[in-house]
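Here is the structure we will look at.
These figures come from a predicted structure and were not determined experimentally. We count ligands from 1, going down the list as the structure has it; atoms in each ligand are counted the same way. Any value given below was found using the heavy atoms of this structure, including those in side chains, with hydrogens, waters and symmetry copies removed.
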Amino acid sequence: MSDNIQPVKVLSKTTWTPNLFSFTVTRPDSFKFSAGQFVRLGVNPSRLAYHQQKRSTDVPDEDIFRAYSIVSSPYDETLEFFSIVIKDGAFTSQLQHLQEGDELLLNTTPFGFLTLARYQEPVAKDLWLLATGTGLAPFLSMLQDLKTWEDYEHIILAYSARSEKELAYLDLIHSLEETFGSLVESPAKFTFVPIVTREKVEGALNARFPQLLISGELEDFAGAKLDPEHSHVMLCGNPQMVEDTRNTLRDEKGMVMNRRGVGNIAVENYW
Ligand code: NAP
């Protein structure tokens, strides 16, 4: 096993829907990361308790690695991940069988540039975090980091899922402001914008991000304006959403990609 690969143990698993789950693992002492970063996680299907109990045959005896962004804050003692089950996907179709006590492998080199430290200009004022599906994960990490609450005046988290039951982590989201905002002197105001695209839900918006930007509904719900002079906008999730929303922000709001610290938009495709 190479030096930067460490075994980690599964501590818990939460099932949100048949296709969505989260799990926590032990955190090696030496492992450091910034909120918003990814790691590579490995699973050896033949070593999962599920297959051993079932005496499954035809299970690969090899380590399969995939990138996962971390839900936990850099200060948490354990590491949490949020996953979708991809039909016939070599990795997540195995990972869905995880049980407490199973062993995974963690590549302890974090990567990814969807971090708030990347922004130098414009100066921090409004932070817009726009996620679809499991692309929520890096934003939950940032929102559990006190510095985020200190640095901004207004934080807007907009999270889009196909159906209401696929909106995960609602209890955590609703507790963030009290838990973290209350610990800093002049915390950011926080607005959560739930978006459900394939059914009408009271209290949630009901269209894709580009449409919500063009119609003005996202800004109205947030009670804030997307302004190139003082907005930082992060996009994470469905690659087509990232592309379409980035283009809409450019065309409708005059926003530019953040390069070398300057610019409004930072993105990460989640698959
Ligand atoms: P999804 O299709 O990404 O939908 C989640 C939300 O994103 C929905 O509200 C959806 O709206 C919206 N959306 C989709 N395309 C958009 C666009 N171009 N602009 C703006 N919003 C957009 O659904 P999911 O359930 O998270 O994942 C669906 C499939 O993606 C899964 O079957 C899985 O195979 C794959 N996936 C793969 C990975 C991976 O790591 N390989 C990770 C996540 C998902 P609509 O309802 O209008 O479509």
Heavy atom under 4.0 Å from ligand 1: found in Ala161's side chain, backbone, both, or neither?
backbone
State the atoms of ligand 1, each with its element, that fall below the 4.0 Å cut-off from a heavy-atom position in Met241.
16 (C), 17 (C), 18 (N), 19 (N), 20 (C), 21 (N), 22 (C)
Between Asp244 and ligand 1, is there a nitrogen or oxygen pair with a distance under 3.5 Å?
yes
Taking it one step at a time, do Ile173 and Tyr159 satisfy side chain to side chain contact (heavy atoms under 4.5 Å, CB included)?
CA-CA 10 Å; Ile173 291 169; Tyr159 168 29; 4.1 Å; yes
Under 4.0 Å from ligand 1, counting heavy atoms only, is it the side chain of Thr134, its backbone, both or neither?
side chain
Looking only at heavy atoms, is any part of Arg162 under 4.0 Å from ligand 1, and if so is it the side chain, the backbone, or both, or is it neither?
both
Nitrogen or oxygen of Glu166 less than 3.5 angstrom from that of ligand 1:
no
Sub-4.5 Å side-chain heavy-atom contact between Gln96 and Ser93:
yes
Show me, pair by pair, the donor-acceptor contacts under 3.5 angstrom made by side chains of residues 177-188, not counting sequence neighbours?
unit_1	atom_1	unit_2	atom_2	d
Glu177	OE2	Phe190	N	3.4
Thr179	OG1	Ser175	O	2.8
Ser182	OG	Glu178	O	2.4

Against heavy atoms of Arg198, which atoms of ligand 1 measure under 4.0 Å?
45 (P), 46 (O), 48 (O)
Heavy-atom proximity to atom 31 (C) of ligand 1, picking from Thr17, Ile84, Leu136, points to Ile84
Going by the atom numbers of ligand 1, which of them fall below 4.0 Å from some non-hydrogen atom of Asn238?
1 (P), 2 (O), 3 (O), 14 (C), 15 (N)
So which residues get pulled into Tyr68's cluster when ILVMFWY side chains under 4.5 Å apart are joined, directly or through others?
Val8, Val10, Phe21, Phe23, Val25, Phe31, Phe33, Val39, Leu41, Val43, Leu48, Ile64, Ile70, Leu79, Phe81, Val85, Phe91, Leu95, Leu98, Leu104, Leu106
Atoms in ligand 1 with a heavy atom of Gly133 nearer than 4.0 Å
26 (O)
Mind checking the CG-CE spacing from Asn264 to Met234? Nearest 0.5 Å is all I need.
11.5 Å
Output yes when a side-chain donor or acceptor of Asp76 lies under 3.5 Å from a complementary backbone atom of Ser73, and no otherwise.
yes
Less than 3.5 Å apart, any donor N or O on the side chain of His154 or Thr191 sitting next to an acceptor on the other?
yes
Under 4.5 Å between any side-chain heavy atoms of Ile84 and Ile86, yes or no?
yes
Could you list the atoms of ligand 1 found under 4.0 angstrom from a heavy atom of Gln240?
18 (N)
